[in-house]
Amino acid sequence: MRRSIGDILILSALGALFTALVYILCNNSGFFGQADDALLLPPLFLAISVTIMVVAQAGGKGDPAMKTILLLAFVVLKFMLPAALAVVWFVVLKNSSVADVLVFFVVYLAFSTAMVLLLTRKLRNNFN
């Protein structure tokens with residue numbers, strides 16, 4: 001339980017860092033334009049990451065068959081939730097400028113990297 005709270009705190013710190021960076025970049029450079037839409041991305045990715053981490057943490061308990069199913073659910077959620085957010089972000093909200101694409105993928109890569117590193121650490125600890 002303590003490790004899952006630590007992982008959520010790491011993701012929260014990452015979300016706060018990227019929210020601040022997006023805000024600073026949007027307000028101090030003419031390239032990024034308005035910060036209204038871009039400031040939504042880090043909290044949305046944080047919510048997605050916390051949801052995925054809850055599924056991954058639940059996968060550490062129980063019988064081996066349940067661990068496998070929850071690991072599969074983790075992988076499916078890891079790809080489907082950001083893809084759904086990308087569809088909403090680019091198609092529905094029509095955020096298609098170069099700056100919007102850059103902000104989306106930088107935040108996506110940061111949260112994806114953090115999720116993979118946290119899951120790798122969790123799996124390494126489970127199998128040792």
Side-chain angles (χ1 to χ4, degrees):
M1 180 70 175
R2 180 173 293 210
R3 177 162 289 156
S4 63
I5 292 173
D7 291 346
I8 291 173
L9 287 175
I10 289 171
L11 291 172
S12 298
L14 186 64
L17 173 73
F18 272 95
T19 302
L21 284 175
V22 167
Y23 181 77
I24 290 168
L25 285 175
C26 289
N27 286 335
N28 293 335
S29 76
F31 179 70
F32 284 97
Q34 295 296 320
D36 298 337
D37 289 341
L39 283 175
L40 291 174
L41 277 178
L44 288 173
F45 272 109
L46 176 63
I48 288 171
S49 298
V50 168
T51 302
I52 293 169
M53 281 306 295
V54 167
V55 171
Q57 292 298 329
K61 304 172 186 130
D63 61 322
M66 191 64 174
K67 286 182 182 181
T68 305
I69 296 296
L70 287 173
L71 184 62
L72 180 62
F74 168 83
V75 172
V76 168
L77 286 175
K78 171 74 183 76
F79 289 110
M80 295 305 289
L81 290 177
L85 180 60
V87 167
V88 169
W89 183 254
F90 293 118
V91 176
V92 176
L93 296 178
K94 295 183 171 90
N95 292 327
S96 59
S97 70
V98 173
D100 289 327
V101 172
L102 283 175
V103 167
F104 182 89
F105 284 109
V106 166
V107 173
Y108 169 74
L109 287 174
F111 276 99
S112 293
T113 303
M115 292 296 303
V116 168
L117 291 175
L118 291 173
L119 179 69
T120 304
R121 184 182 71 185
K122 179 185 176 334
L123 289 175
R124 185 181 64 227
N125 291 338
N126 280 350
F127 290 113
N128 285 335

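None of these values were measured; they are calculated from a predicted model. These values consider heavy atoms only, across backbone and side chains, with no hydrogens, waters or symmetry-generated copies.
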Asks: Group every Ile, Leu, Val, Met, Phe, Trp and Tyr by side-chain heavy-atom contacts under 4.5 Å, then state whether V91 and V101 land in the same group.
Replies: no
Asks: Report yes if some heavy atom in the side chain of F104 is under 4.5 Å from a heavy atom in the side chain of L85; otherwise report no.
Replies: yes
Asks: When hydrophobic residues are tied together by side-chain contacts of less than 4.5 Å, even through go-betweens, does L72 share a cluster with F79?
Replies: no
Asks: Which distance, rounded to the nearest 0.5 Å, do you find between the OG1 of T19 and the CG of L46?
Replies: 8.0 Å
Asks: If I compare all heavy atoms of P42 with all of G15, which pair ends up nearest, and what's the gap?
Replies: CB-O, 3.7 Å
Asks: Please report the interatomic distance OG(S112) to CD1(I52), rounded to the nearest 0.5 Å.
Replies: 8.0 Å
Asks: In the single-linkage hydrophobic clustering (I, L, V, M, F, W, Y; side-chain heavy atoms under 4.5 Å), do L118 and V75 co-cluster?
Replies: yes
Asks: Nearest 0.5 Å please: distance from the CG atom of L41 over to the CD1 atom of I48.
Replies: 9.5 Å
Asks: Taking all heavy atoms of L14 and all of A110, pick out the closest pair and write down the distance.
Replies: CD2-O, 3.7 Å
Asks: Is the closest side-chain heavy-atom distance between M53 and V50 below 4.5 Å?
Replies: no
Asks: Kindly assign one of parallel, tilted or perpendicular to the pair F18 and F111, based on the angle between their ring planes and the thresholds 30° and 60°.
Replies: tilted
Asks: Are L109 and L40 co-members of a hydrophobic cluster defined by side-chain heavy atoms under 4.5 Å apart?
Replies: yes
Asks: With side chains defined as the heavy atoms from C-beta onward, is the minimum distance between L21 and L17 less than 4.5 Å?
Replies: yes
Asks: Is the closest side-chain heavy-atom distance between L119 and K78 below 4.5 Å?
Replies: no
Asks: Measure up the F90 and F105 rings against each other and bin them: parallel (under 30°), tilted (30 to 60°), perpendicular (over 60°).
Replies: parallel
